[in-house]
Amino acid sequence: QPSPPNLICPLKLLISANWTPPQLQGVPITGYILQMKTMSTSVKWKTCYEGMNVSCDIKQNICADTKYQFRLSADTSLGTSPWSEVAFIRTCAGPPGMVQNVKINKIKQTSVMVEWNAIELVEYPVTSYCIYLNHSLHKEISHEMTSFSITTLHPASRYDIQLQATNNIGSGPLSSIISFQTPPSPPDPPTLELDLLTSNSAVVKWVPTSQHSDKYLLQLASQNTKFQTVYSGADKKFKLLRLKPRNSYTIRISAVNVSGEGKPSENISFYTLPQPPPITRDVVTQWVNEKLLISWRQQDTDVYLYQLQLREPGDEFRSIYEGKNCKCIIRCELITFEVRVITKLNLTEKLDTRWPDFIESSSSEIVTVNRPKQGLEKSVKKTEKYSERRFKMKELTVETVPVLDESDKG
């Protein structure tokens, strides 16, 4: 077992240690280990020197006017010797040393908690601690405190914190810089907009108003239900499905980030459209003396209009007749073309200003018409009466003649 090390303090923040090599009965010494600690029972021993020399200077983490303990052990080829008896020394009086073990926790949008270890000096104790925020003095607090809450921060901002201890002799060095960033505030709600409305769906889109949004929560309420979240994600568009026709709904949206959910947007209420008209069925075409008779099944109610559309090869469908009749005769010189019928419902009583003037059914089946060869046309009774309409489409003139029922004649 080595003898305790000899200690002197030639400067206020320097301790010199030396020792006499122990006699180990011819076993060579391969190294020495010197450890130190303060008098506090909560502080553990730390190695401050390891090597073959029999003296060393300790400069790091030395505080003025502080009592330290030292112990020594020797390494040999047979193992490590027991520790020597403890040697004590008190450093020279002076300003406090660097504040140690500075930590930050409980980081919030506008506040943070700072903690550190107290500096224990004997003759000239610490009188205050100074907290520096972004390299400027933020607050000078009592020497009895080892934690402090800073409450004047800004959200989503970066800060540097340092501490400095002071006694009646002067101020010690600044501690190492601790950097951190405050989280953003909960985000403002996006700008919500209803983009497309049908009888059983609605497309909703929104524009973010905050740069610190991670996701969005879209909520829906009906006449009989409270708000429920129907979408959660980072997209900026969503289609509401399985809505009921001609029903009232209300939507709102909020944004979410690491700080939580922000306030919801203003409510937007809307009515879904009525059920669209049924698809027109049984479209039949028949050539009669250079004219084409087109007919289709009439719906059960007379509130609908029918729109007959024609498409030439390579072109788009164009309307050539619109009305309540379910029969029509057209005159044209086309050899091959297609026809279809769309059912329309005029919306004269609108529950919502976003409703269109009318809604349409899906298209009937598309019927391809081929002009028959000469002599295959069928005759038509001369007693039938027709009312005529003419439509000009590009260079093609089409004459449509709605066929009147027997009850309409005369």
Derivation and outcome, salt bridge (Lys or Arg N to Asp or Glu O under 4.0 Å), residues E322 and K344: CA-CA 9 Å; E322 184 172 313; K344 297 177 63 175; 3.2 Å; yes
Aromatic contact, F238 with W206 (centres under 6.0 Å): no
Residues K67, E120; criterion salt bridge (Lys or Arg N to Asp or Glu O under 4.0 Å); working and verdict: CA-CA 9 Å; K67 193 172 184 180; E120 299 176 0; over 6 Å; no
Salt bridge (Lys or Arg N to Asp or Glu O under 4.0 Å) assessment of D352 paired with R354: CA-CA 5 Å; D352 196 308; R354 289 174 285 256; 3.2 Å; yes
Can you find a side-chain donor-acceptor pair between [X] and [Y] that sits under 3.5 Å?
X    : Y    : value
N167 : T127 : no
T225 : S222 : yes
T280 : T343 : yes
T182 : Q109 : no
R340 : Q309 : yes
S269 : T250 : yes
D75  : T30  : no

Of [options], which is the lone residue that meets side-chain contact (heavy atoms from CB on, under 4.5 Å) with [X]?
X    : options                : result
I294 : V369, V284, V339, V367 : V339
W116 : V99, N101, I178        : V99
V230 : L217, L220, V204       : L220

Ring pair (Phe, Tyr, Trp, His ring centres under 6.0 Å): pairs with one or both residues in residues 57-79, sequence neighbours excluded: none
Between [X] and [Y] (side chain of the first, backbone of the second, donor and acceptor by atom type, cut-off under 3.5 Å), is there such a pair?
X    : Y    : answer
N18  : C56  : no
W287 : N370 : yes
K37  : S40  : yes

Stacked cation flag R71 on W45, 6.0 angstrom / 45 deg: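 Yes, a cation-pi geometry holds between R71 and W45.
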Within 45° cone of F227 ring axis and under 6.0 Å: R252 NZ or CZ: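 Judged by the rule, R252 and F227 form a cation-pi pair.
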Supply the atom-to-atom distance [X] [atom1] to [Y] [atom2], rounded to the nearest 0.5 angstrom.
X    : Y    : atom1 : atom2 : value
I62  : C92  : CD1   : SG    : 11.5 Å
L345 : Y304 : CG    : OH    : 6.0 Å
M36  : L7   : CE    : CG    : 9.5 Å
I150 : M113 : CD1   : CE    : 10.0 Å
L192 : K205 : CG    : NZ    : 11.0 Å
T336 : R311 : OG1   : CZ    : 13.0 Å

[X], [atom1] atom: more than 12 neighbouring heavy atoms under 6.0 Å:
X    : atom1 : answer
N105 : CG    : yes
Q223 : CD    : yes
E115 : CD    : yes
K350 : NZ    : yes

Close side-chain approach of C326 and S295, heavy atoms under 4.5 Å: no
Heavy-atom pair of closest approach, residues T272 and K244: OG1-O, 2.5 Å
For S259 against S185, the heavy-atom pair lying closest together: CB-C, 4.2 Å
Qualifying residue, where the test is side chain to side chain donor-acceptor pair (under 3.5 Å) with Y132 and the options are Q162, Q164, K139: Q164
Name of the residue among E261, K263, K215 meeting side chain to side chain donor-acceptor pair (under 3.5 Å) with S254: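 Between S254 and the candidates, side chain to side chain donor-acceptor pair (under 3.5 Å) is satisfied uniquely by E261.
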